[in-house]
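By convention in this document, chain letters (A, B, ...) are assigned in the order of the sequence lines, proteins followed by strands, and residues within each chain are numbered from 1.
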Number of protein chains: 2
Amino acid sequence: MNLSVAEENYIKSIYKLEEGQESVTTTGLAYELDTKPASVTDMAKKLRDKKLIDYEKYQGISLTADGKKAALHIIRRHRLWECFLVDKLSFSWEEVHEIAEELEHIRSEKLINRLSDFLGNPTIDPHGDPIPDAQGRLGKQRTQISLDQARTKRLEVTAVSDKSNALLEFLTAKGIRLGTHLEVIERYEFDNSIEIKIRNQPAFTISEQVSKNIMVRPV
Amino acid sequence: MNLSVAEENYIKSIYKLEEGQESVTTTGLAYELDTKPASVTDMAKKLRDKKLIDYEKYQGISLTADGKKAALHIIRRHRLWECFLVDKLSFSWEEVHEIAEELEHIRSEKLINRLSDFLGNPTIDPHGDPIPDAQGRLGKQRTQISLDQARTKRLEVTAVSDKSNALLEFLTAKGIRLGTHLEVIERYEFDNSIEIKIRNQPAFTISEQVSKNIMVRPV
DNA sequence: GAAATTATTTAGATTTGTCTAACTTTTATT
DNA sequence: AATAAAAGTTAGACAAATCTAAATAATTTC
Ligand SMILES: [Mn+2]
Ligand SMILES: [Mn+2]
Ligand SMILES: [Mn+2]
Ligand SMILES: [Mn+2]
């Protein structure tokens, strides 16, 4: 199956929406891809013809087994390139998503497997997301929850859900990276903001919007 | 100036043909790009509108200064990616052209300059071709001539003109690489074939077609 | 220098991916 | 249940890149 760049981007976005439990709607996918609902309907028909999605009009979209497999291969490429950019070319984690968005469409099995070897076959990308293997399999992920739901005090940052520049730059500024250990000092019920402390640095407060997008595990 | 993949491929091919002294004709460019003359005429109008080429109907095509600059930037990207594939991912020189043909279109100044640094700012690619700098300037090339025209006996291979799989695999099989030192034993006038010797290995004969595509310098 | 051949351009079609505007279906509200 | 609002689809258009077939220009051959 040889997919166009546009088709690959759709498949990847559908996977992302499905992953977030949301049922995939025409409008939601249009928003995700920064396009119009009419365009989504058109593409949905095409992807259905290629048996990559199940789609009946007015009934929403879901990936078939083939579609899911395709998605995982694109995600593998995306995340491996992100690793390359960060580990080898010293890009920061907020810069890589955009470039990987293009690199992920370079089609060569050999290239991507060599790249993986060159990087030491990493299993998570610079944002803490797991990298599928050459067969498109995801290793079982470590249990992680979002910081706003964590109920223990001492936590380690394992991933970031939102990859926007805005959030990633904010986290960098605050000294929050993958692997950062933090301690919850206080939770304020009023606005669900959280006061946290990193090592010996002075404590500071982060909003619910931020804490929802930081994934952590107890430590 | 934001160019499409198709436009970039045209610009690069025009540069290549101009470089080879040939005047750039519609049919010649169509052949080079594996497309049809009618398509070339269409694209020629578009590139003229963008002021990248001079073109008047029936009068052939030539790059403007802007077009030449654009070409050199694409060539820089192509050749740097080739270096990456060979030096870092251990691809062989006959495998890299095709993949670089896609990678060259990834648009990010920062990416390509970081890549260049990562590779140690190489000045020649795996086929012996010079790599333009970030400003699109080519360093002065070492004087080289094709093996069929060389008049001295002891020579060093500096580049290969033809990048086809067929030739590159042949050269690899014969032990001819960039930097290989060879000695001309005999030139046969009948078919312009040449008998050569590499180090202590037994001499062998290569055809004019091959020797025309091997660039050398006296040593 | 006229005829034949070759090169180039144009006209009209096609595919892919997108859009707007109009229409239809579904869902929410009263 | 009727109506209003939101969500989704269709119809028709457009731009990019390509093609085939037909027309035209340039070049070569005799
Ligand atoms: Mn992409
Ligand atoms: Mn990522
Ligand atoms: Mn290319
Ligand atoms: Mn090369």
Sub-4.0 Å heavy-atom contacts from residues 52-60 of chain A onto DNA chain D, ordered by number: Y55(A), K57(A), Y58(A)

Electrostatic pair K12(A)-E104(A), nearest N-O below 4.0 angstrom: yes

Salt-bridge criterion met for E94(A) and K163(A) (N-O under 4.0 Å): no

End axis versus end axis in the helix from dG1(C)-dC30(D) to dT30(C)-dA1(D), the angle rounded to 10°, five pairs used at each terminus: 0°

Over 12 foreign heavy atoms within 6.0 Å of CD, E195(B): yes

Spacing of CG belonging to L29(B) relative to OG1 belonging to T41(B), to within rounding of 0.5 Å: 9.5 Å

Trace of the ring-ring contact (aromatic ring centres under 6.0 Å, His included) decision for Y10(B) with Y15(B): CA-CA 9 Å; Y10(B) 270 86; Y15(B) 184 93; over 10 Å; no

Lys/Arg N to Asp/Glu carboxylate O, R77(A) vs E8(A), below 4.0 Å: yes

Contact check, side chains of Q135(A) and H73(A), non-hydrogen atoms, under 4.5 Å: no

Donor-acceptor pair between S146(A) and D148(A) side chains, under 3.5 angstrom: yes

T26(B) side-chain N/O to dT9(C) phosphate OP1/OP2 under 4.0 Å: yes

Side chains of N9(A) and H105(A), donor plus acceptor under 3.5 Å: yes

Euclidean distance, K57(A) NZ relative to T26(A) OG1, rounded to 0.5 Å: 12.0 Å

salt_bridge(K50(A), E7(A)) N-O dist < 4.0 Å: yes

Interatomic spacing from NZ in K46(B) to OH in Y55(B) - rounded to 0.5 Å: 13.5 Å

Check: I14(B) and L47(B) side chains under 4.5 Å, non-hydrogen atoms: yes

Covered region of DNA chain D, 5' end to 3' end, by chain A [heavy atoms, under 4.0 Å]: dA7(D) to dT10(D)

Between the protein and nucleotides 2-5 of chain C, list every N/O to N/O distance that falls short of 3.5 Å.
none

Under 3.5 Å side-chain donor-acceptor pair for H127(B) and H97(B): no

Interface residues of residues 27-46 of chain A with DNA chain D (non-hydrogen, below 4.0 angstrom): T27(A), P37(A), A38(A), T41(A), K45(A)

Return a table of donor-acceptor pairs under 3.5 angstrom between the side chains of residues 109-117 of chain B and protein atoms on other chains or two or more places apart.
unit_1	atom_1	unit_2	atom_2	d
K110(B)	NZ	E95(A)	OE2	2.4
N113(B)	OD1	R76(B)	NH2	2.7
N113(B)	ND2	E109(B)	O	3.4
R114(B)	NH1	L89(A)	O	2.9
R114(B)	NH1	S90(A)	O	2.8
S116(B)	OG	N121(B)	OD1	2.7
D117(B)	OD1	N121(B)	ND2	3.3

